[in-house]
There are 2 protein chains.
Amino acid sequence: MSVTVPAGFRAAGVTAGLKPSGKPDVALVVNDGPLQVAAGVFTSNRIVAAPVVWSRQAVADGIAHAVVLNSGGANACTGPEGFGDAHATAEHTGTVLDTSPGDVLVCSTGLIGERLPMDALLAGVSAAADALTPDGGPAAATAIMTTDTVSKQATVAGDGWSLGGMAKGAGMLAPGLATMLVVLTTDAVLTAEQADAALRAATRTTFDRVDSDGCMSTNDTVLLLVSGASDVTPDPADFTEKLRALSDDLARQLVADAEGASHDIAVTVANASSEDAAVAVARAITRSNLFKAAVFGNDPNWGRVLAAAGTVPEEVAPYDPALIDVAINGVQVCRAGGVGDPREGVDLASAREVRVDVDLHAGQATATIWTNDLTHDYVHENSAYST
Amino acid sequence: MSVTVPAGFRAAGVTAGLKPSGKPDVALVVNDGPLQVAAGVFTSNRIVAAPVVWSRQAVADGIAHAVVLNSGGANACTGPEGFGDAHATAEHTGTVLDTSPGDVLVCSTGLIGERLPMDALLAGVSAAADALTPDGGPAAATAIMTTDTVSKQATVAGDGWSLGGMAKGAGMLAPGLATMLVVLTTDAVLTAEQADAALRAATRTTFDRVDSDGCMSTNDTVLLLVSGASDVTPDPADFTEKLRALSDDLARQLVADAEGASHDIAVTVANASSEDAAVAVARAITRSNLFKAAVFGNDPNWGRVLAAAGTVPEEVAPYDPALIDVAINGVQVCRAGGVGDPREGVDLASAREVRVDVDLHAGQATATIWTNDLTHDYVHENSAYST
């Protein structure tokens, strides 16, 4: 399962004692080649954790041998000492795997502003290296969980090659205990440039369009490791599409498991003047606390949808407010900016999934952003469990 | 008290039956002159309520005789019929006051997407006209309340002239039942241009810097009525400063009464490269659900302050993340982007007011944005009481 489905990969997950709960907290994914191609996309937050600084640099040459991940501490806002800790983690992993530290990527998730207990972490890395197996994907996926209630794994089969992936939520879903970390693997044959282009294309419409509370983590990381062990060179467009499908599967798993959520909400903005315009309007709606609280109350409050859409500047998304239509779970509650069908026709109480369709009548572009409702549990999780 | 403290004004508040609660819901403020100068600032939301469309147009000539306000219905997203209702309200008010409808400003607050019960509203306007008195300010201030627990009024004395004001919260504070409406009055002698300039300057650093959940209402309106009845022409700078003080007083009352809040939070960003940069960073922090939930949990979580600051693009606010200091209620919890004093030194549990001071070390500009914490009551108010 998971990251070890493609040939050429081993993985492990162990308990190093970083989490007070005593649950697994250190994961290792190793690419045994023959290729050791890698690509990464990272948080766009300007305040980035030490492991992000390290990994961004380490993956820049398109090569990585291994990824070491820990839960139980984000190693963010920890100053030069924190960067030293990330560096030391890569050094130690390089030593136990007999590879260059510059080919080891590092990911961390947990509380911001605290140093990692390095003795425990490095011992955990050694134990993980000893535990590496070609079916260690599920163990690794479990060891990166924080507030996740289930581990997230997915696979997609290509023509003679395959893709695997694991994720933990979630940067913008239940970020009280941090971050979205994703590791994707493939045994297809790709160049570093192809891997990078495919990863950017796939994340742009999947992980980048999951937005629970508008908060970008300091640690968000999505990595792609390429072993080439299948010896098959895929059609680039086909590879990108399958990588997008894998990413979409994992992104949807993150939404479905977002802590404290009682509804998954897909906001689709159609007939916008551009894709950027559609994304901007959809994002404004998914970031409206008022709208998200209304959904929690099973209230198909289209007025809050419009009020949120109206905050997007005209130069970003030109449209005529008097033309906007809104449908919620298929019922057209707003027609031409005014009252539409009776909203009593919308039953949100019995629906986990809420589909909000906004028609701007301003062009032909469409985009969907996924989010969750704003619930008591969200407030509870993020107020009670952070220190 | 309130809007009737300056000479030349009468006001009233009556119960028209728009609210299911049977509380007062129609207010009237009349300027008996000799001047009937007026200025207004309105929501920057592109989706605006019918009364905003009407009043923006009606105040454009710098003249207004009266303001009629209703709670119990926002008259937003109600199409051409809704605009007709706002127009009819102005027409009826003009008739009973024997003035031009074009000199009557209209404000509404309540649920979006429903027509107003016009028979009840117009009967209420007639009753309010009959009830007008030179000490009717408090009754008017009470009639515009929605989720407000207390009415908001303030006065400032000038040298031979005075200022009065009333407000209801709150566009961005407890917007479940809508909007920020503010009426300010003065008996000073001002031209329309002076009134407009003073109002824009005063709101820019007060009402515009109160931001509870980042949601802009479709109805937000701040009006200034000038009677000139004191016959005193103030120094323009002195008038603007006193109008700013009045606005600040009312804005702070809105924050203090925001529904469901347990903390008032002042985020001050200092040593920014420009005032716009300071505002952008402060606003990003005040819009972070994670940070606001942490404050509810009495957790001085400076990591979430930094993570929010990091979402502001560098071209908007240049700064070096490695230099940022953060103090919470005077305790410097973050120094140079890393761990500062022990945050156990910050006791938020016994503090209603939380002061977050962020030093960017990037220039000399400063700005403060006020907000509230994200609480269970916020979710409750905005999920349960909207339909």
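Labels below follow one simple rule: chain letters A, B, ... track the order of the sequence lines, proteins then strands, and each chain is numbered from 1. Keep in mind it's a predicted model, so treat the numbers as computed, not measured.
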### Task
Flag the pair B:Ile47 / A:Ile324 as yes when at least one side-chain heavy-atom distance between them is below 4.5 Å, and no otherwise.
yes

### Query
A:Val354: what forms a side-chain contact (heavy atoms from CB on, under 4.5 Å) with it, not counting sequence neighbours?
A:His263, A:Ile265, A:Val295, A:Ile328, A:Asn329, A:Leu348, A:Val356

Based on non-hydrogen pairs under 4.5 Å, which of [options] is most in contact with chain B?
{"options": "A:Ala322, A:Ala76, A:Ala336, A:Pro313", "answer": "A:Pro313"}
{"options": "A:Pro80, A:Cys334, A:Gly113", "answer": "A:Gly113"}
{"options": "A:Gly79, A:Ala309, A:Gly303", "answer": "A:Gly303"}

### Task
Show your reasoning for whether side chain to side chain contact (heavy atoms under 4.5 Å, CB included) applies to A:Val379 and B:Asn289.
CA-CA 9 Å; A:Val379 174; B:Asn289 279 351; over 6 Å; no

### Task
Please assess B:Ile112 against A:Leu306 for the test side chain to side chain contact (heavy atoms under 4.5 Å, CB included), listing each intermediate value before the final yes or no.
CA-CA 10 Å; B:Ile112 295 176; A:Leu306 259 61; over 6 Å; no

### Query
By ring pair (Phe, Tyr, Trp, His ring centres under 6.0 Å), which residues pair with B:Phe296, not counting sequence neighbours?
B:His376

### Message
Would the distance check show the side chain of A:Arg46 and the main-chain N or O of B:Pro318 forming a donor-acceptor pair, the cut-off being under 3.5 Å?
### Response
no

### Task
Search all heavy atoms of A:Asn45 against all heavy atoms of B:Ala307 and return the closest pair with its distance.
ND2-O, 2.7 Å

### Summary
When the 4.5 angstrom heavy-atom criterion is applied to A:Glu314 and chain B, the contacting part is both

### Message
Are more than 12 heavy atoms, taken from residues, nucleotides or ligands other than B:Gln332, located less than 6.0 Å from that residue's CD atom?
### Response
yes

